[in-house]
Amino acid sequence: MNPHYEQAMNILVLCWKPRRSVVRTHDNHLFSFRRYGKGNRFYYFNCKNTGRLPAGLANIPFDAVIFHYTFLALRFDQPSFWAMYKRIKPVLQGLQGVKVIIPHDEYVYTRSLWTLIRDCGVQRVYSSCFPPDCDVIFPAGETGQKNLCHPVFTGYIDPATLRWVEKRRAKSPRKDIDVGYRAGSANYIFGFHGQLKTDLANAFRARLPQHPHLKEDVKLTYMDSFRNTITGSAWFDFLLRCRAALGCLGGSSILDPDGEIRARTLAYVRAHPGASREEIAQACYQGGEGVIQTRILGPRVFECAMTHTCQLLVEGDYFGVLEPNVDYIPIKKDFSNLDEVMDLVERDPAYCEKIAEQCYEHVVASGKYSYEKFVEEVLCDLRALVGQRAGPGPGGPLAVSLGFYRIKGCYMAQEAARVILRKARTAARRLYGGLRGLLASAAKACMPKTYARLRAAYRARKKR
C-alpha cells in the first residue's frame, strides 16, 4: 500500500551535518525524507558539536528512529566515537519507536555498527553491500538479529539537482575533455577489489603515450590532502565538460570490523611503497582477502547519466541499472581492451554520445532511480516494521512537535552558550596576555633596574 495514504508517522532522524557541506550528495540523501516523505513528519537532530543528546528525546513518542549515515560516519574517528557513544548510549537505548540504520562503508569499523544494533535493538539495516555478504557483515552472533538487511543504493537522482544540471548544461554545452576521472588512492585498505579504482586510473595513464591526441583529466585524490579533489557544484561542471568518464563498482573484498587491517595496510604501504599486492595481502590481510565480495553502485553512475557523460566502466554486475554496450562501454577487468576503448572515444564521438543518451533515457528519464522512489521504498518497509504503532500518540502530532522543538531549542541554546563561553574565555586569556605583555614592556622601559630585579627574583622562585 502507498505510504502516502496511511497514518502519518513521526520519525526522528539522527544525523551529523557541519555548517557547510561540500558534498551535494550528502545533503540530497539526508533531506530526501523531508522532501519526498509525503504525509509523514520528520524531525532532524544534528549531533554536530559535542556529541550530546538531550535525555528528553526519550520521552517523545516517535514511531521510528533513523540513524543516518552522516551520524554513523563518526565511527571513522574511533576514539571520539566511543567517547561520544558512552555519553549518549542511555538516551539512544531509551528512544521510542522502531530503530533503523542507513550505513555507508559498512565493511570497515563494523564493530561500531554491531554494538549500536545490539544495544539499541535496531531492526533494519538499509545496506548497500552485496546481498550475499549481508550475513557475513552483520552476523546474528554479533548483532543479535537475523534478516536485518534491506538493499538500497548509496545515492539516487535528486530532481532539484537534475533541474540545476540541465540549466547548467544549456549554458555550457561544449565538452572539451575527452575522458575525465577522479578516484581516491586506496592503498589496498579495502582489499584487491577496493584497489580497482586506483588500478584503473594507473592503467589509463600508462597507455596515454599511445594516444597523444586524447584530451584527458584523469587524476587520483589522496586522504591527507585536497589535491585533485573536486566537490560541490564544481564536480558537476567537471562532468559537463567530459565526453566520457572512467568508472567501476565500489566496495571491498575484506571485512575490517575494528579498522586494524586499514591501519596495518597504510603503515605497511608507507614503509614499503614498491610492495606487490601479494606481499601486501600476506603482510596485512591475514587471510581476510575475499571474505566478502561487496560491489557497490555509487552515485557517480547517476551523476554521469544526469550530465549526458558517456561512461567507460569496468565490466561487472550493475544491479540491472546499466547494460553493457547500451548504457556504458565495458572495460575488461584485466584492462586488456582499454586501448581499444580509448581509440573508440578518440575516433567515434558520435557513438559515445549515443551511449550517453541511451543511459540518460534508461536511468534518468525513466524516473526509476530518484530519491522519491528511494524514500517511498524505505517508508513502505518501515511502516511494515512499525505496524499498528504508527499514529498521533498521546496528545497528537502537536505534542510530538512541541516536545521535540522545545528540547531542540533548549539544546541549541545550551550549545550556543557553551560556544559563547568558550570564545569569551579565549578572548579573556588573550586580553590578559596582551595587558601583561604591555605592562611588562612599560615597566622594562621606565624602571629597568627594578624590572630586572623582580624578573630575577621570579625566576629564582620558579626554579625552587
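This is a predicted model, so every value here is computed, not measured.
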- So ring pair (Phe, Tyr, Trp, His ring centres under 6.0 Å) across residues 114-146, not counting sequence neighbours, yields Y126-H150
- Task: Could you name each residue pair satisfying ring pair (Phe, Tyr, Trp, His ring centres under 6.0 Å) that touches residues 287-308, not counting sequence neighbours?
- Result: F302-Y369, H308-Y360
- Item | V378, V98, N40 screened by side-chain contact (heavy atoms from CB on, under 4.5 Å) with R383, the one that passes | N40
Does [X] reach the main-chain N or O of [Y] with its side chain, forming a donor-acceptor pair under 3.5 Å?
X: E216; Y: G180; answer: no
X: Q311; Y: L313; answer: no
X: R205; Y: N202; answer: no
X: Q286; Y: A283; answer: no
X: H193; Y: L249; answer: yes
X: E106; Y: S128; answer: yes
X: R87; Y: L53; answer: no
X: D178; Y: L214; answer: no
X: N228; Y: L220; answer: yes
X: E289; Y: G191; answer: no

- Task: For the residue pair Y109 and F76, categorise the inter-ring angle as parallel (less than 30°), tilted (30 to 60°) or perpendicular (more than 60°).
- Result: perpendicular
- Query: Hey, what's the ring geometry for F71 with F67, parallel, tilted or perpendicular (30° and 60° as the breaks)?
  - Reply: tilted
Does [X] have more than 12 heavy atoms from other residues, nucleotides or ligands lying within 6.0 Å of its [atom1]?
X: R241; atom1: CZ; result: no
X: K215; atom1: NZ; result: no
X: E353; atom1: CD; result: no
X: N147; atom1: CG; result: no
X: K175; atom1: NZ; result: yes
X: D343; atom1: CG; result: yes
X: Q282; atom1: CD; result: no

If only side-chain N and O atoms count, and only distance matters, is there a donor-acceptor pair under 3.5 Å linking [Y] with [X]?
X: Y107; Y: D133; result: no
X: E303; Y: T25; result: yes
X: Y156; Y: D158; result: no
X: T307; Y: R169; result: no

- Using a 4.5 Å cut-off on heavy atoms from C-beta on, say whether the side chain of V218 contacts that of L208. no
- Item | I331 and L246, any side-chain heavy atoms less than 4.5 Å apart | yes
With rounding to the nearest 0.5 Å, note down the distance linking [atom1] in [X] to [atom2] in [Y].
X: D105; Y: L113; atom1: CG; atom2: CG; value: 10.0 Å
X: I296; Y: C248; atom1: CD1; atom2: SG; value: 11.5 Å
X: Y188; Y: I254; atom1: OH; atom2: CD1; value: 12.0 Å
X: R300; Y: L297; atom1: CZ; atom2: CG; value: 12.0 Å
X: I88; Y: L57; atom1: CD1; atom2: CG; value: 10.5 Å
X: F190; Y: L196; atom1: CZ; atom2: CG; value: 13.5 Å

- Message: So that I can tick it off, tell me whether R295 and D317 are bridged by a salt bridge, with the cut-off set at under 4.0 angstrom between side-chain N and carboxylate O.
- Response: no
- Item | Under-4.0 Å salt bridge between R182 and D217 | yes
- CA sep, side-chain torsions, deciding dist, call: Y44, H68, ring-ring contact (aromatic ring centres under 6.0 Å, His included): CA-CA 10 Å; Y44 286 81; H68 192 257; 8.2 Å; no
- Message: Is it the case that the ring center of F33 lies less than 6.0 angstrom away from the ring center of F374?
- Response: yes
- Query: Nearest heavy-atom pair of G184 and T198: which atoms, and what distance?
  - Reply: O-OG1, 3.1 Å
- Task: Step by step, work out the side-chain hydrogen bond (donor to acceptor under 3.5 Å, both in side chains) result for Y85 and D119.
- Result: CA-CA 11 Å; Y85 185 72; D119 290 348; 2.7 Å; yes
